[in-house]
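One structure is given here, and the rest of the page talks about it.
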Amino acid sequence: MQEIRDAILAGDRSEETFSSIRIPQTYRGVTVHKDEVAMFEGLASRDKDPRRSLHVDDVPVPDLAPGEALVAVMASAINYNTVWTSIFEPMATFGFLERYGRTSPYAKRHDLPYHVVGSDLSGVVLRTGPGVHLWKPGQEVVAHCLSVELESADGHNDTMLDPEQRIWGFETNFGGLAELAIVKTNQLMPKASHLTWEEAASPGLVNSTAYRQLISRNGAGMKLGDVVLVWGASGGLGSYATQMALAGGATPICVVSSPDKADICRKMGAELVIDRSEGTGEGYRFWSDETTSDPREWKRLGARIRELTGGKDPDIVLEHPGRETFGASVFVARKGGTIVTCASTSGYMHEYDNRYLWMNLKRVIGSHFANYREAWEANELIHRGLIHPTLSRAYPLEEVGQAAYDVHRNLHQGKVGVLTLAPQEGLGVTDPDKRAQFAEELGRFRNV
């Protein structure tokens, strides 16, 4: 593994160099264990601690299947699906691996008593399997997390509709929080030359998710002039949605939970910000108790939005908290407006008053990650400097439990990265002149 790291740090990216590097028999990966899925039984979600369930283990290097690549991972990042995996909610991911393992002999590799997790990476291709032509050893890459088989016609118009669609590193094994990872080569995309390894690893999942949810015709289809309500606007998903709204000529209304997060939104260029923290007068409580929603608070939020916008209601609500906010989202969207939903990080069982949906001709759209084309287009926005990584902090691999805990408890801003083979932050930039153009934007979230 040190030979691989040294070759990458030396800067030589020739196919000959990387084709001749020896592949170790084992590598270090972040895992959950099948024999520990009951460890949090009886605890509330909030009290389940990823630091107890996430392990850094030496695991065997799997054989490559046709159409796959083995990637040396320099950095990865934490997404909410890693939090779900680590607290075994809403179910343990080993059921996903077992079902996948029954589909083919190659898929059987994934059905193991441990799960190497993680759905983001930046790194260098080491090997490719049979049938791969576009990708070679030595190429610098990032990976999106869409894994599909594409044997069914259902997925050929939109790969997210494939019946064998899975999220790599969540519903498959051999994910990106590791020194090595296995991906399908159609997950690979070029790494942006102006970004460090840890910056490049951080946008993948959330940037693509925000692109489909907000921009794509498969999502809300945002247009110039739209008013867009963004919940959690300084977080992993929200920070990219906020940037896309601004870059696309829309007006974001950023909802956050602290003055620091409000300041970050303003640094991104947002002017309309709602800070829900205590003492601001905007601490909306949409539930009177665990089972009773409070429509008066929906109306209070709607009034505040109109005050900020000069009387406009949101054309689009980017909805990902789920149960806590969904009733309010349906209420505040304009007549004929769109609520586009994913994730449901506060709970999957939503409650809303259907009169405000049906009689006002609003739409609810479910959105999940992105198809191949959408992921590629989202990555192009990063390359062109139209959208920027929102990395706030990067942990070493050994502290991945703390990184996941920060996301679980909403102690973070933007994205939280994890260094895997990279020995320190700040490495991997090959176009410093381009980077200098975006120095301010790349630093907005750091150490906040």
Side-chain angles (χ1 to χ4, degrees), residues 77-79 192 194-196 198-207 209-211 213-215 222 224-283 304-305 307-309 314 316-318 320-321 378 381-394 403 406-407 410-417 425-426 429 432 434-448:
I78 301 295
N79 293 291
H194 65 293
L195 300 182
T196 65
E198 62 275 12
E199 289 167 347
S202 66
L205 185 151
V206 287
N207 185 45
T209 299
Y211 185 85
Q213 195 172 4
L214 189 59
I215 306 297
M222 186 192 80
L224 186 73
D226 277 347
V227 175
V228 181
L229 182 69
V230 182
W231 293 101
S234 72
L237 180 62
S239 59
Y240 289 92
T242 298
Q243 290 184 76
M244 289 178 190
L246 290 164
T251 300
I253 306 167
C254 297
V255 185
V256 295
S257 59
S258 74
D260 287 345
K261 294 180 179 183
D263 288 343
I264 287 177
C265 292
R266 294 187 180 99
K267 288 179 182 177
M268 285 191 286
E271 297 179 356
L272 310 183
V273 181
I274 295 174
D275 176 4
R276 295 182 62 193
S277 58
E278 295 292 340
T280 62
E282 298 179 345
R304 177 59 176 148
I305 290 170
E307 182 182 341
L308 289 171
T309 62
I316 299 167
V317 180
L318 190 98
H320 57 95
L381 299 179
I382 299 289
H383 278 265
R384 294 170 60 187
L386 295 172
I387 301 296
H388 305 283
T390 62
L391 184 73
S392 58
R393 182 173 181 179
D406 286 358
V407 175
N410 198 28
L411 303 175
H412 68 303
Q413 316 280 11
K415 282 299 290 286
V416 176
E425 296 182 48
V429 176
K434 182 177 180 181
R435 181 178 181 82
Q437 299 175 42
F438 305 117
E440 179 180 348
E441 291 87 345
L442 292 171
R444 284 174 182 151
F445 282 73
R446 293 309 304 252
N447 301 314
V448 177

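These numbers come from a predicted model, not from an experiment.
- Residue Asp275 holds its CG atom at 7.0 Å from CD of Glu282, rounded to the nearest 0.5 Å.
- For residues 224-239, the set of pairs meeting the salt bridge (Lys or Arg N to Asp or Glu O under 4.0 Å) definition, not counting sequence neighbours, comprises Lys223-Asp226.
- Interatomic distance, NZ of Lys267 versus OG of Ser234, reported as 11.5 Å (0.5 Å rounding).
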**Asked** Run the salt bridge (Lys or Arg N to Asp or Glu O under 4.0 Å) check on Arg435 and Glu199 step by step: do they pass?
**Response** CA-CA 12 Å; Arg435 181 178 181 82; Glu199 289 167 347; 2.7 Å; yes

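- In terms of the side-chain hydrogen bond (donor to acceptor under 3.5 Å, both in side chains) criterion, Arg266 has no residue partners (sequence neighbours excluded).
- Residues Leu237 and Val206 approach most closely at CD1-O, 3.6 Å, considering heavy atoms.
- The two atoms that bring Ala233 and Val256 nearest to each other are N-CG1, 4.1 Å, heavy atoms only.
- A heavy-atom distance below 4.5 Å is not found between the side chains of Phe445 and His412.
- In this structure, Met222 CE and Met244 CE are separated by 9.0 Å, a value rounded to the nearest 0.5 Å.
- Looking only at distances, a side-chain donor or acceptor of Lys415 sits under 3.5 Å from a matching main-chain atom of Ser202.
- Across all non-hydrogen atoms, the minimal contact from Cys265 to Val273 is CB-CG2, 4.2 Å.
- For Thr242, there are no side-chain hydrogen bond (donor to acceptor under 3.5 Å, both in side chains) partners at least two apart in sequence or on another chain.
- There is no side-chain donor-acceptor pair under 3.5 Å between Asp260 and Ser258.
- Side chains of His388 and Ile382 form no contact here, defined as non-hydrogen atoms less than 4.5 Å apart.
- Residues Tyr240 and Pro389 approach most closely at OH-CA, 3.3 Å, considering heavy atoms.
- Note: Thr196 OG1 to Leu391 CG = 7.0 Å, rounded to the nearest 0.5 Å.
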**Asked** Can Asn410 and Ser257 be said to form a side chain to side chain contact (heavy atoms under 4.5 Å, CB included), step by step?
**Response** CA-CA 10 Å; Asn410 198 28; Ser257 59; 3.8 Å; yes

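- The SG atom of Cys254 sits 9.0 Å away from the CG atom of Leu229 when rounded to the nearest 0.5 Å.
- For the side-chain hydrogen bond (donor to acceptor under 3.5 Å, both in side chains) test, residues two or more places apart in sequence or in another chain that qualify with Ser239 are Thr390.
- Residues Ile305 and Pro314 share a closest heavy-atom pair of CG2-CD, 3.9 Å.
- For the pair Asn207/Ile387, a side-chain contact is recorded, criterion being any heavy-atom separation below 4.5 Å from C-beta on.
- Glu441 meets the salt bridge (charged side-chain N to carboxylate O under 4.0 Å, His left out) test with no other residue; sequence neighbours excluded.
- By the 6.0 Å contact criterion, CD on Glu271 is open, its count of non-hydrogen atoms from other residues, nucleotides or ligands being 12 or less.
- Between Trp231 and His320, the shortest heavy-atom contact is O-NE2, 2.6 Å.
- The ring pair (Phe, Tyr, Trp, His ring centres under 6.0 Å) check on His194 picks up Phe438, with sequence neighbours excluded.
- Rounded to the nearest 0.5 angstrom, Ile316 CD1 and Leu214 CG are separated by 5.5 Å.
- For Arg393, the CZ atom counts as loosely surrounded, since its 6.0 Å shell holds 12 or fewer non-hydrogen atoms of other residues, nucleotides or ligands.
- Glu198 contributes a side-chain N or O that, together with a main-chain N or O of Gly426, makes up a donor-acceptor pair within less than 3.5 Å.
- For the pair Arg304 and Ile253, the minimum side-chain heavy-atom distance is 4.5 Å or more.
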